[in-house]
Protein chains: 2
Amino acid sequence: MGTIAEQSTALRMSTLRLARRLRAERVDPSLSDGQFAVLGWLHKHGPLTLTQLAEHERVSAPSMNRTVNCLEESGYLVREADEADRRRSNIRLTGTGRDIVTTTLKQRDAWLTTRLRDLSKEDRATLARAAELMGDLATL
Amino acid sequence: MGTIAEQSTALRMSTLRLARRLRAERVDPSLSDGQFAVLGWLHKHGPLTLTQLAEHERVSAPSMNRTVNCLEESGYLVREADEADRRRSNIRLTGTGRDIVTTTLKQRDAWLTTRLRDLSKEDRATLARAAELMGDLATL
DNA sequence: ATAACAAATTAGCAATGCTAAGTAAAGCGG
DNA sequence: CCGCTTTACTTAGCATTGCTAATTTGTTAT
């Protein structure tokens, strides 16, 4: 099974490769991964400021600004001036934005789902447990 | 344990999150992720052609060409004309290239290694097996 | 009132993915 | 042997997405 260091390297490389594969497999070609992540987060947590979004996605404010601009032009979200602090704007999903999130979520993992179906029950269980462990690792 | 679709979503999110985390945790600033992956693969599998490298890393030939150019300029690898087929060149690590792989491998996953050390033997085994499965998924 | 700070934005750079098109070599049917 | 197709690699140029630096505008503290 190898040393812990070897396991690390193997896990790291597999994770990065699979991540690339998943990114390549996205359904809606008009919406990048980062863009969809923003819509999904807004859908789950309601209106947020630019800085809050940037912090959660671990990108710089200018990067997030560009992403939000793009999504605003596409009509998926709007900026609303914050009454309490007029430097800020609260970014909120439009109806169209909510729609795209709910419909995309269903199709999003179609590719991966068909792969998992081809695996044995045991292998699926391994991956399911690994997903939990990896989630924990990422939060640390 | 959930449906297969739920497992897909969970695995997908964990993979992408962990990938982001791993990328953020990179030690060596002089060598990008993609560049190091190429060196590591060559170290493990010996000389390969450009097309073979591109296929394994799932990038286009021109992308891999640029990466290889960069690594060649840095002196980490060389192109050797293939005697049997002179369209090809066999790409092989130099001594410096081998050195950077072996020394970097130790530090590269330091973050992940310390996390894995905190896990139980069973959880580590799960992740090790998952790494194999994920590698296979990515190649499909 | 004014200095310091904070949020959002704009401008511009770097890395890294791609496709399209070009070159050189190999393989093949006549 | 000749010309056509395919293959391997390369070059050129574009799109995306990350960044830092600097600007604008608004808030807060002295």
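Residue numbers begin at 1 in each chain, while the letters A, B, ... track the order of the sequences.
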**Q** Using whole Å, report how far CG of Asp82(B) lies from P of dC9(D).
**A** 9 Å
**Q** To the nearest Å, how far apart are Arg79(B) CZ and dA25(C) C1'?
**A** 17 Å
**Q** Run Arg79(A) and Asn90(A) through side-chain contact (heavy atoms from CB on, under 4.5 Å) and show every step you take.
**A** CA-CA 6 Å; Arg79(A) 286 170 158 97; Asn90(A) 294 108; over 6 Å; no
**Q** Side-chain N or O of Thr67(A) less than 4.0 angstrom from OP1 or OP2 on dT17(D)?
**A** no
**Q** Give the rounded distance in Å between these two atoms: CG of Leu50(B) and P of dT11(D).
**A** 11 Å
**Q** Taking atom types as they are modelled, would you say the side chain of Arg87(A) forms a donor-acceptor pair with the base of dA6(C) within the 3.5 Å cutoff?
**A** yes
**Q** Can you give me every donor-acceptor pair (side chain of residues 127-136 of chain B, partner residue at least two apart or in another chain, under 3.5 Å) with its distance?
**A**
| unit_1 | atom_1 | unit_2 | atom_2 | d |
| --- | --- | --- | --- | --- |
| Arg129(B) | NH1 | Glu132(B) | OE1 | 3.0 |
| Arg129(B) | NH2 | Asp123(A) | OD1 | 3.2 |
| Arg129(B) | NH2 | Asp123(A) | OD2 | 3.4 |

**Q** What nucleotide among dT10(C), dT27(D), dA25(C) has an atom nearest to a side-chain atom of Asn69(A)?
**A** dT10(C)
**Q** Salt bridge between Arg115(A) and Asp118(A), side-chain N to carboxylate O under 4.0 Å?
**A** no
**Q** Measure from the side chain of Arg88(B), starting at C-beta and using heavy atoms only, and say which of dG17(C), dA8(D), dG26(D) lies closest.
**A** dA8(D)
**Q** Tell me: CZ of Phe36(A) to C1' of dT16(D), nearest whole Å?
**A** 19 Å
**Q** Could you tell me how far apart Asp33(B) (CG) and dG18(D) (C1') are, to the nearest whole angstrom?
**A** 14 Å
**Q** Please determine whether a side-chain nitrogen or oxygen atom of Thr51(B) lies at a distance below 4.0 Å from atom OP1 or OP2 of dC9(D).
**A** yes
**Q** Could you state the CG-P distance from Asn65(B) to dG17(C), rounded to the nearest angstrom?
**A** 13 Å
**Q** Reading DNA chain C from 5' onward, which residue's closest nucleotide shows up sooner: Gln52(A) or Pro62(B)?
**A** Gln52(A)
**Q** Rounded to the nearest Å, what distance is computed from the CE atom of residue Met64(B) to the P atom of nucleotide dA8(D)?
**A** 15 Å
**Q** Would you mind classifying the nucleic acid contact of Ala81(B) as base, sugar-phosphate or nothing, using non-hydrogen atoms under 4.0 angstrom?
**A** nothing
**Q** Between Thr126(B) and Thr126(A), does any side-chain donor sit less than 3.5 Å from a side-chain acceptor?
**A** no
**Q** Counting side-chain heavy atoms from C-beta on, which of dT9(C), dT10(D), dT27(D) comes nearest to Ala61(A)?
**A** dT9(C)
**Q** Under 4.0 Å: is that the gap between some side-chain N or O of Ser63(B) and OP1 or OP2 of dG17(C)?
**A** no
**Q** How many angstroms lie between CG in Leu16(A) and OG in Ser14(A), if you round to the nearest 0.5 Å?
**A** 9.0 Å
**Q** Return the 5'-most residue of the pair Glu83(A), Gly34(A) with respect to DNA chain D, ranking by each residue's nearest nucleotide.
**A** Gly34(A)
**Q** Are OP1 or OP2 of dC19(D) and a side-chain N or O of Ser60(A) less than 4.0 angstrom apart?
**A** yes
**Q** Would the base of dG17(C) count as contacting Arg66(B) through its side chain, where contact means a donor and an acceptor less than 3.5 Å apart?
**A** yes
**Q** Could you state the CD-C1' distance from Glu72(A) to dA8(C), rounded to the nearest angstrom?
**A** 12 Å
